[in-house]
Amino acid sequence: MKRKFENIEVALPFFLFSALVIIPLLLALDRLIYVSGKMPWQVFSSLDEHYLSQDAIGFTFLQALLSTALTLAIGIPIAWQLGRYHWPRIRLMRALLTLPFVTPAIVAAMGFMAILGSDGFDLRGERSTYLVSLLFAHAWFNIALVIRFVDPVISNLDPRMEEQLRLLPAGNSRWGRLRCFWIPLMFPSILCAAVLTFVFSFTSFAMVRWMTPSNATLETVMADVGGAAGIENYQIYSNELVLASSTIQFLVLILALWLLSALQAKRSRTIAEVSESHSRKKGRTGWLVLIPALLFCLSPLMAVIRSSLRVAERGPVISHRWTLEGWQSAISGDYAYISIIDALQNSLGYAILTLVISLPLGWSLSSGIHLLEKRGSYWAKPLDILTMLPLAISGVMLGLGILLGIIRISTVFFTMWWMPAIPHIMLSTPFVVRLLLPAMRRQDPELIENAQVLAMNRWQILTKIRMPLLRGPLIVAGIIAIAMSMGEFGASWILVRTGAWDTLPVLVDQLMTRPGFDPLVKPTAMAAASLLMLTTLILFLVAERFRPDGDGGMF
Amino acid sequence: MLRVEGAGKSFERILFEGLDLNLATGERMSITGPSGCGKTTLLRCIAGLEDLQDGKIYLDDIEVTNIPPEKRGIGLLFQKPVLYHHLDVAGNLRLGKRDADVHSALKEVGLDGFADRRCEKLSGGEAQRVALARALLAEPKILLLDEPFSAVDEELRSRLLNDTIALLGSRGTTAVLVTHNIKEAESFSKNIMTM
């Protein structure tokens, strides 16, 4: 009886999650096949035939591979310094260095635009700088992944592992220790970070849209033509382009996800053997790495705030003056359908809806996987991978899934304000699972067993034992879910069809696409981006206070 | 072979000061004393893993006080065996000697046929014997043993200690054993230092 109840408890959240993630995508696929009259493998060539998508495949792979290489080159030395040496205020430093990852992509894009724009280094006039600036923007966004994966492997390392090697012939040189110990130890974590960086760069939307406007990726192609897809006898090519792009993207991302899952298992085996805390040596020259790294991480954010406070004055030479006019116009909503306060309210509304659903759903999914793992069930691994599926499906793909799979079926859905929250829930739930599941695995099972022999029922064990013990990871997961929802851009950009529902990222994009001859447009957009950034920053810093020590992994 | 002169070390309190120690080539010595008296710290200082605050250490009449551990040619067996789980047993042994005859080395410590085993599958006693075989393969000038068998049961501990003594004796390896068990100290060497 107990087992039957547990099986339902495991199956129900997975059924809900699958319905939420898979059904819209299948419906969207069905609609695209129906409208275009072709199967996915019959439309690959359409990408090369249409001017909008020519070279999109090549550019998508190129920028993702180069971004990954640059991210590792910048991120590994930072992770090494953070993990290996003792630094004052290391928690704050870690928080600041990993902040870019939770910064909304649109804010990051605005930050780099501000640094490279006329009020900064003035490099946007040179097309040749576009790709390099995109690579640095992707590296900026993703170095947090390298830090989150690699730093705990080093910082939680039992120091005797290295000491023992120093006393053996194989480890009596730096190269020997690197070859025999550090590389094998860090390699799975570095590869995990590399795979995820590749995935996020491959599916990057806001940054590509703004940093390299002359080059399309599969993601931007889908976003550009997706609005016209799924309608019978209307712009047939758009259906083919979306079908081809999404199929290629899906196959690449599934492959990456499979690789990530295999690497994660290897990584957890490596970490399990070295999980003792110890006092670390003081770093002497590491500031040469960390100070530039902190400047690199914070400068785009500072640049957004700076640009929100400066207005260009045209004359023989363009000059800038300091003013609050950008903020005033953003608050009054002069340049958009709604003001930044209304957009913030919308974003918070969607975020709270996301939290209310994704946190209990993520908890139930994590509990289910953990229970299956304890039973040694074959199903634990596939279901673990299933929860990561939305990570591999981009925001744009999810948005199109909802648009084509649900809204196109009945226009009634078009007027439902909560529609954009669905992809937010889909995107944030994997983050919740990735934060809660490791915490559940670390929990001592005897604490639960002891509660059972004290005659506590399931509800009492949940509310009085499990939840209080996992309070820290629960708070972090909740805040990260809110932050993810607030920063989500790709799906919202596709689904938010009424100005009154505009979220802050959508508002920033709308403002930046307005003709730039009015000098107040850019500061207004930057003010909206600043508000979004500051909200995320506060959320993230609060989350960091509750993060357990030595917590590594994805986020 | 090993000479320690006027060694001193303190962590919030004095662990040892003015400590002298002399050990000839091929000789064995035991160091005993209550928990927290600085036995392990002394071994770590001799190995070069920690710095002495006072005093000097000589190996073969060459001062090694400020030489890094990897340059001293000293072997150390930790209390808890340190094996590298990304390598199998044979891989761990080859860290001690690249072209090691793994099978003979394992046979010597009574682990014949263990070459391909994963380290995480070994028991505490087996893991420590692999660590001992690896340390001996490296042919250290001196082998330091920091209560290496404290984690196994009494009967096995005594057997492992006897095997280790026989191995060290047959090779003429200079060795220092740290233990708080006076019986172990007595069976390991005639030369016993109490801290």
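Since this is a predicted model, take the numbers as computed values, not measurements. Worth knowing before you read on, the calculation uses all heavy atoms, side chains too, and leaves out hydrogens, waters and symmetry mates. Letters A, B, ... mirror the listed sequences (proteins, then strands); counts begin at 1.
- Scanning both residues, B/A138 and A/P169, for their nearest heavy atoms gives CB-CD, 3.4 Å.
- Contact annotation for B/R72: neither backbone nor side-chain heavy atoms come within less than 4.5 Å of a heavy atom of chain A.
- The shortest heavy-atom contact between B/R134 and A/L168 is NE-CD1, 3.5 Å.
- Only the side chain of A/R179 comes within less than 4.5 Å of a heavy atom in chain B; its backbone stays farther off.
- Environment of CH2 in A/W287: crowded, with over 12 heavy atoms of neighbouring residues, nucleotides or ligands closer than 6.0 Å.
- Residue B/E17 places its CD atom among 12 or fewer non-hydrogen atoms of other residues, nucleotides or ligands, all under 6.0 Å distant.
- A/F187 is not listed as a side-chain neighbour of B/H86, based on a closest heavy-atom distance of 4.5 Å or more.
- The minimum heavy-atom distance linking B/K71 with A/N172 is given by the pair NZ-O, 3.5 Å.
- Looking only at side-chain heavy atoms (C-beta outward), B/L95 and A/C180 come within less than 4.5 Å of each other.
- Residues B/V82 and A/M161 share a closest heavy-atom pair of CG1-SD, 3.6 Å.
- Looking only at distances, a side-chain donor or acceptor of A/Q164 sits under 3.5 Å from a matching main-chain atom of B/L76.
- No more than 12 heavy atoms of other residues, nucleotides or ligands shown are found within 6.0 angstrom of CD1 on B/I14.
- A perpendicular orientation is assigned to the rings of B/Y84 and A/F181, their planes being inclined by more than 60° (bins at 30° and 60°).
- Heavy-atom neighbours of A/W379 CH2 from other residues, nucleotides or ligands within 6.0 Å: at or below the threshold of 12.
- Between A/E163 and B/P69, every side-chain heavy-atom pair lies at or beyond the 4.5 Å cut-off.
- Atom CG of B/L49 sits about 5.0 Å away from atom CG of A/L167, to the nearest 0.5 Å.
- Separating the CD atom in B/E70 from the CG atom in A/L165 is a distance of 9.5 Å, to the nearest 0.5 Å.
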